[in-house]
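This structure is a prediction, so every number in the text was calculated from the model and none was measured. Numbering of residues begins at 1 and proceeds along the displayed sequence.
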Amino acid sequence: MTWVWVLVVILGAGAGAFAGYTYRKQATETKIGRTEEYARHLYDDAVRKADEYKKEKVLEAKEEILKAKEESKAENAREKAEIRREREKSDRELDERRTEVLRSEQRLLQREETLDKKAANLDTREEGLNQKAEEIRKKHEEADQLIAKQNDELERIAGMTQEECKQIIIDRVQKEAFHDAAAAVRDIEAKAKEEGEKKARNIISLAIQRCAADHVAESTVTVIPLPNDDMKGRIIGREGRNIRALETATGVDFIIDDTPEAVIVSAFDPVRREVARTAVDHLIADGRIHPARIEEMVEKARREVDNLIREAGESAVFETGQHGIHHELVKLLGRLKYRTSYGQNVLKHSIEVSHLAGLMAAEVGANVQLAKRAGLLHDIGKAVDHESEGTHVTLGGELARKYHESPEVIHCILAHHNDIEPQTVEAILVQAADAISAARPGARRESLENYIKRLEKLEEIATSFDGVEKCYAIQSGREVRIMVKPEDINDEGMKVLAREVAKKIEKEMEYPGQIRVNVIRETRVSDFAK
């Protein structure tokens, strides 16, 4: 029974499936039919709309074509009208040109006829001129012949040729002209010389009046005031050790005499005197006077004097209004404060020359600043002439060139003693200012300059020997103290050195009396306790 029911179920399921399939197939076919019908209706509508659109576009295209044809016809008509107008205009212009050409041809024909007439007239005139020229030539020949005959007759009567007569006349005229010219030149030169001398005297006197400088009175001694006479004994020290230390350290001569409350420092070098004076002032103020303290104070005094030298140079630059000078040149200017020339302070002399040259340059219309600058620096070589070979003029030019001074200033320095020929007005003015500053009464003393030169020569001889460390001329040149290097010269060599120096002094120098040669050899050993 079971399999029957299974068979029934299977058959029922198969029948149901077939019936379902048949139904779905019919439903699908019905749906497909409806879809095909709808698609056919859409296609028919599309074809109908396309035909309508095509007809519309064809109509629009025809309308456009008709419109374009009408526009083309109108444009062609306008172009034809324009072409017609252009042709008419060209015809008119052509007619006008033809008329102008005809007129030009007529004018040319008239000009040709006129020129032909003028040419005929010129030919006629040329023939007349040729005839006249021939007549004139004949007359010139006749005149030349007459002149030649007259010249021959005159030469025969005068007894000389025509050239000789010309030369005599020329010589006479030249002599008269030379005489008149020489007289005129002489008058002009005399007048110019008179006016030039008058003008020069006026300029120089005016410059001197406006530059009021003091008379110079340099000496070789300096008086140091003391608080009391007991200070003299402290300066001398036990057995004179303090004063010997002072003289050795400073290179000057200390004179302690009966002058109350004063010590005299004597030295030809003003820098040494100033160092010694400053050191003694510090020692008096400090109260501790012994050799070690003396050396400290002398070194301190040297530094102070160096500062004073720099300040003196800056003051001179400021006083003359010259800026931009190299600082080394300013220091050298300051050293001139302690340099004398024939008893005249060189720094004061340089400032005075600067002012005088500037005043005269202003009067004659020259470069005032250049003249003042060259006047201030003209003796700069004297700051180093005792250290270097050469004249102060040459050394000054080298220093100015080294520190970038202008070629005009260098030329004025080199020319102020006529070592070279002055080429500028400023160089001549510096020469004149130098002479004015040196020539006024009381400006210089020849004896002091000679005295200083003798002492410098004495020190130069002493330092020329090997082994000499320092030397000083003291006692107004009656003694020279020589400090030697102990490692180079022994005790026996000191005697030989003293004798050799004395012989050389006797051979090369002239001096009154006698000169003592004092050789000092000192050995020092120092250590530090820690």
Pairwise side-chain contact, Arg277 with Val305, heavy-atom cut-off 4.5 Å (strictly under): no
Check: His417 side chain, Asp419 main-chain N or O, donor-acceptor pair, under 3.5 Å: no
Residues Gln322, Gln369; criterion side-chain contact (heavy atoms from CB on, under 4.5 Å); working and verdict: CA-CA 8 Å; Gln322 298 302 309; Gln369 290 301 318; 2.9 Å; yes
For Thr394, side-chain contact (heavy atoms from CB on, under 4.5 Å) partners two or more places apart: Thr391, Glu398
Asp306: side-chain contact (heavy atoms from CB on, under 4.5 Å) partners, not counting sequence neighbours: Ile309
Output a table of donor-acceptor pairs, distance under 3.5 Å, between side-chain atoms of residues 138-146 and any protein atom two or more places apart or on a different chain; print 'none' if there are none.
{"from": "Glu141", "atom 1": "OE2", "to": "Arg137", "atom 2": "NH1", "distance (Å)": "2.6"}

Shortest non-hydrogen contact from Leu347 toward Asn345: N-OD1, 3.0 Å
With Arg303 via salt bridge (charged side-chain N to carboxylate O under 4.0 Å, His left out) - residues at least two apart: none
Backbone N/O of Gly375 and side chain of His378: donor-acceptor pair under 3.5 Å: yes
Aromatic contact, His392 with His416 (centres under 6.0 Å): yes
Residue pair Phe254 / Ile264, side-chain heavy-atom distance below 4.5 Å: no
Any donor-acceptor N/O pair, Asn242 side chain to Ala245 backbone, under 3.5 Å: no
Partner of Leu283 under side-chain contact (heavy atoms from CB on, under 4.5 Å), chosen from Ile235, Leu246, Thr278: Leu246
Salt bridge Arg244-Glu239, side-chain N to carboxylate O under 4.0 Å: no
Salt bridge present between Glu405 and Arg373 (N-O < 4.0 angstrom): yes
Qualifying salt bridge (Lys or Arg N to Asp or Glu O under 4.0 Å) pairs, either residue in residues 485-506, two or more places apart: Asp491-Arg521
Within 6.0 Å of CG in Asn228, more than 12 heavy atoms from elsewhere: yes
side-chain contact (heavy atoms from CB on, under 4.5 Å) between Glu247 and Arg481, intermediate numbers included: CA-CA 9 Å; Glu247 291 178 345; Arg481 289 188 180 179; 2.8 Å; yes
Counterpart residues, side-chain contact (heavy atoms from CB on, under 4.5 Å), relative to Glu314 (two or more places apart): Arg310, Val330
